Amino acid sequence: MLKREEVREGISKLSPEVEIVYFDSEEKLIREIFNILWEYPFVITFNGDDFDLRYLLHRAERFGIRREETPIELGRRVCTLKYGIHIDLYKFFFNRSIQVYAFGNKYRDVTLEEVSKALIGKSKVSIEKPLTELTYMELAEYCLRDAELTYELTSFNNELVMKLILVLCRISRMPMEDVSRQGVSRWIRSFLYYEHRRKNMLIPNTEDILAIKGKTATKAIIKGKKYKGAIVVEPVPGVHFNVAVLDFASLYPSIIKVWNLGYQTVLCPHPECKTNLIPDTPHWVCTKKRALESLLIGALRDLRVKWYKPKSKDKSLPEDKRNWYEVIQAAIKVILNASYGVFGAESFDLYCPPVAEATAAIARHSLTQVIKRAKEIGIEVLYGDTDSVFLKNPTKEQIEELIEWSEKQLKMGLDVDKVYRYAVFSSRKKNYLGVMEDGRVDVKGLTGKKRHIPKIIKEAFDLMKERLAQVKSSADFEQAKKDISQIVLDCYLKLKRRKWEKLEDLAFHVVLGETPANYVKTTPQHVKAARLLEKRGVELKAGDLISFVKVVKEPHVKPVELATNNEIDVDKYIGYLQSTFEQVLDALGLDFNEIIGLTKLERFM
DNA sequence: CCGACAGCCCAACATT
DNA sequence: AATGTTGGGCTG
């Protein structure tokens, strides 16, 4: 720590083995930090690329410490070490694939506080004063905790993160420093390029692939997308008991494997292959040669499904071995999940639109076929999305038959993913709720689970969820419906009578996709609130979370910290409550307006 | 500058 | 007032 005038010692809450070293000049402090950095083969930071290491380097220059004396190498967007490997966990945890597939979306904002809370259940030391006003002991405590959290993010769960990085290195053939910073498209590029070189193949230029194979032939449903994607089945609204959810095992990678897809084989030059058409497209696939992507993605898929996944569940293996298999299968899953998308991404060096398009087309065909077959053998299909079918009360035999049929006819693995005791569908796609046998509740897409909605509505929604978890049979529903009506009514009255506890409970929370000034086409509500904050001198940028409430007067929103209770637009909130709950109430045969006591007549007055 | 994809829902905004 | 567009949050 740097000795400074007027800084008090403070009271130490640190454990006795912590040693504090004081320096009387910043230069000496920095030189000592550098000495320590030289000693370590790995240095882990959280945002060290953009802050810690960069800052140290620049401070060092101020004191005339020469570049040769510093252990830090300055890159354009990275800071590396001359001896040792610097891993910036901020970059690693920021990676969408890591966030979603490796950590199941447990953290949302990529901050040390958020990620630590989510993954290791620990928090930063909270401080009320500006850093400069802390006593030495407070500062020491604060910094030490940050260091501990950062380290523990790599050590928790048997060093999961370090193992994951190591496995990804081995698959992608990239150095740890790169693999921990770059996105999944770079991993896949590196992996495919390596195999090209190993087989002594030419690596095509990006523009040559596009020139020869061309663009896409199908029309996307969503404006602005390049090609047609997945199918979503119109749900059968209502409550359904005993719903089996079947899905294809890693559908897209399986298609790439089974259908021999790759930039070489789709629209190949052989006239005799032109009859080997891909359903729903004018494209054909080669019948003579194997595509490298198909081979490699297929091999990865098989390794995961047939070796690593079963080994990770094999109870006869020692714990640490099983754990290692688990890490590997998770790492392969991350790569497989992205392996189709990259072919449709312009930024990918083996970008090949017809390959992506063919994969999606075959997926539609496969799902359609399964639905058709299910109906043929007498099963009602309630819903389906991309790779799944929701079957109403099927028998064991029917399920077995469907799975066998898929294996034989489509060469595609179909499995029972889960069974819902009952499921609730509205008429909306990607919006449903399922209660599993053990009482866990899956909520998909419903407004009630979205993170931007006010706490007061979310809490009511969660109460309803808990109540629904207790329903075992259709007879149970009668009482549950009454209880749910009461939950909705309570929340309605709390709003109508302005009896909320805190204003924060009414706040919507929306992330800025851009810096406020960049919104030129429209001004969404959270941007309006953001601009009010900016007027107060708050600096805002993309990624910042804006919390605002809805008020009566123009512009109808206010940042929560600037608002008062009496200006709240209660009717807006009631409207929101209504639309949130109606997604479920509809299916239960309940009516929002009746619940809150409006008779049909009153509603028309 | 940042970089896997498409489809769906909702609310608010902008335009006709 | 009706209709299309934008932006965010979600599913898969």
Side-chain angles (χ1 to χ4, degrees), chain A residues 76-77 91 94-98 100-101 105 108 181-189 216 218-235 245 247-248 250-253 297 334-353 355-357 359-361 363-364 367 383-389 417 426-432 442-453 508-515 518-529 542-543 545-546 550 555-557 572 575-576 578-580 582-583:
Chain A
R76 239 160 41 118
R77 283 185 297 275
K91 296 247 169 82
F94 192 85
N95 184 316
R96 284 293 294 164
S97 299
I98 295 296
V100 177
Y101 296 115
N105 256 327
R108 280 182 152 143
R181 284 173 176 81
Q182 295 177 349
V184 71
S185 72
R186 292 303 186 93
W187 304 346
I188 294 170
R189 177 183 79 171
T216 53
T218 57
K219 190 168 176 297
I221 288 176
I222 297 176
K223 221 182 97 184
K225 301 290 185 188
K226 294 184 285 266
Y227 56 91
K228 188 176 282 194
I231 290 182
V232 187
V233 179
E234 199 73 52
V245 183
D247 68 0
F248 289 113
S250 32
L251 177 64
Y252 288 0
I297 292 166
V334 171
I335 291 187
L336 286 178
N337 272 327
S339 64
Y340 135 79
V342 293
F343 293 111
E346 277 152 284
S347 55
F348 184 56
D349 298 82
L350 297 173
Y351 174 52
C352 189
V355 169
E357 182 177 39
T359 312
R364 289 195 298 278
L367 189 67
Y383 180 62
D385 186 349
T386 311
D387 61 350
S388 64
V389 279
D417 176 34
S426 68
S427 54
R428 301 159 186 85
K429 295 172 174 182
K430 295 183 188 276
N431 270 270
Y432 65 91
D442 267 350
V443 178
K444 302 289 184 179
L446 301 179
T447 305
K449 85 173 290 193
K450 296 192 175 179
R451 74 153 164 179
H452 72 275
I453 69 162
F508 288 82
H509 312 277
V510 180
V511 172
L512 281 173
E514 310 264 358
T515 305
N518 288 355
Y519 289 84
V520 284
K521 286 180 181 157
T522 57
T523 314
Q525 294 203 316
H526 66 296
V527 178
K528 289 194 167 113
L545 189 69
I546 308 296
K550 306 215 176 195
H556 303 300
V557 291
K572 270 269 173 271
Y576 224 94
Q578 174 165 12
S579 59
T580 303
E582 253 171 7
Q583 295 173 350

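Keep in mind that this is a model prediction, so the values were computed, not measured. As a basis for the values below, the full set of heavy atoms in this structure was taken, side chains included, without hydrogen atoms, waters or symmetry mates.
- Between A:Arg108 and C:dC10 there is a side-chain N or O to OP1 or OP2 distance below 4.0 Å.
- Taking atom CD1 on A:Ile335 and atom P on B:dC5, their separation rounds to 17 Å, with Å as the unit.
- Here the shortest heavy-atom pairing between A:Phe508 and A:Lys550 reads CE1-CE, 3.6 Å.
- Put simply, CZ on A:Arg96 is 10 Å from C1' on C:dG9, counting in whole angstrom units.
- Residue A:Lys450 places none of its side-chain N or O atoms closer than 4.0 Å to OP1 or OP2 of C:dG8.
- Proximity note for A:Lys449 (side chain, C-beta onward) versus C:dT11, C:dG12, B:dA4: the nearest is C:dT11.
- The separation between A:Gln583 atom CD and B:dA11 atom P is 8 Å, rounded to whole Å.
- OP1 or OP2 of B:dC2 has not a single side-chain nitrogen or oxygen of A:Gln182 nearer than 4.0 Å.
- A heavy-atom distance below 4.5 Å is not found between the side chains of A:His526 and A:His452.
- For the OP1/OP2 pair of B:dC10 and a distance below 4.0 Å, the side-chain nitrogens and oxygens of A:Arg428 include at least one atom meeting the criterion.
- B:dA4 atom P lies 10 Å from atom CH2 of A:Trp187, rounded to whole Å.
- Distances shown here put every side-chain N or O of A:Thr447 at or beyond 4.0 Å from the OP1 or OP2 atom of C:dG9.
- Between A:Lys430 and A:Asp385 there is a salt bridge, with a side-chain nitrogen of the basic residue lying less than 4.0 Å from a carboxylate oxygen of the acidic one.
- Counting non-hydrogen atoms under 4.0 angstrom, A:Tyr101 reaches a base of the nucleic acid.
- With no hydrogens or angles considered, no side-chain donor-acceptor pair links A:Gln583 and A:Ser426 at under 3.5 Å.
- At most 12 heavy atoms of other shown residues, nucleotides or ligands fall within 6.0 angstrom of atom NZ in A:Lys572.
- If you check every strand for non-hydrogen atoms under 4.0 Å, A:Ile221 touches sugar and phosphate atoms only.
- Annotation: proximity of residues 341-348 of chain A to DNA chain B (heavy atom, distance under 4.0 Å) is found for A:Gly341, A:Val342, A:Gly344, A:Ala345, A:Ser347, numbered in ascending order.
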query = Could you go step by step and tell me if A:Val342 and A:Arg189 meet the side-chain contact (heavy atoms from CB on, under 4.5 Å) rule?
reply = CA-CA 9 Å; A:Val342 293; A:Arg189 177 183 79 171; over 6 Å; no
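- OP1 and OP2 of B:dA11 both lie 4.0 Å or more from every side-chain N or O belonging to A:Lys550.
- Nearest heavy atom pair, residue A:Ala356 against residue A:Tyr227, reads CB-OH, 3.5 Å.
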Between the protein and nucleotides 13-16 of chain B, are there any N/O to N/O pairs under 3.5 Å, and if so, what are the atom names and distances?
| residue | atom | partner | partner atom | Å |
| --- | --- | --- | --- | --- |
| B:dC13 | OP1 | A:Lys528 | NZ | 2.4 |

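- OP1 or OP2 of B:dC8 lies within a sub-4.0 Å distance of a side-chain N or O belonging to A:Lys429.
- Residue A:Tyr519 has a polar side-chain atom (N or O) positioned under 4.0 Å from OP1 or OP2 of C:dG8.
- In this structure the side chain of A:Tyr252 reaches within 4.5 angstrom of the side chain of A:Thr386, judged on heavy atoms.
- The CD-C1' distance, from A:Glu514 to B:dC2, rounds to 12 Å in whole Å.
- To the nearest 0.5 Å, atoms OH (A:Tyr340) and CD1 (A:Ile297) are separated by 12.5 Å.
- A sub-4.0 Å separation between OP1 or OP2 of B:dA4 and a side-chain N or O of A:Ser185 is present.
- The shortest distance between the side-chain N/O atoms of A:Lys225 and the OP1/OP2 oxygens of B:dC5 is not below 4.0 Å.
- Across B:dA4 and C:dT11, the matching C1' atoms stand 16 Å from one another, rounded to whole Å.
- Closest of all the heavy-atom pairs between A:Gly445 and A:Lys450 is O-CE, 3.5 Å.
- Side-chain nitrogen and oxygen atoms of A:Tyr383 include none within less than 4.0 Å of the OP1 or OP2 phosphate oxygen of B:dC8.
- Look at A:Lys572 and you won't find any side-chain N or O under 4.0 angstrom from OP1 or OP2 of B:dA11.
- As judged by a 4.0 angstrom heavy-atom cut-off over every strand, A:Ser579 is placed among residues touching the sugar-phosphate backbone only.
- For A:Ile222 and C:dT6, the CD1 to C1' distance is 13 Å, given to the nearest whole Å.
- To the nearest 0.5 angstrom, A:Thr216 atom OG1 is 8.5 Å from A:Lys226 atom NZ.
- The shortest distance between side-chain heavy atoms of A:Val527 and A:Leu512 falls below 4.5 Å.
- Among the nucleotides B:dC2, B:dA11, C:dT11, the one closest to the side chain of A:Arg77 is B:dC2.
- In this structure, A:Asn431 places its CG atom 8 Å from C1' of B:dC8, rounding to the nearest Å.
- Across all strands shown, A:Tyr227 has heavy atoms under 4.0 Å from sugar-phosphate atoms exclusively, and none from any base.
- Place A:Ala230 and A:Leu545 on DNA chain C by their nearest nucleotides, and A:Leu545 ends up nearer the 5' end.
- Among the atoms of the strands shown, none is found under 4.0 Å from any heavy atom of A:Val527.
- The CD1 atom of A:Ile453 sits 13 Å away from the P atom of B:dC10 (whole-angstrom rounding).
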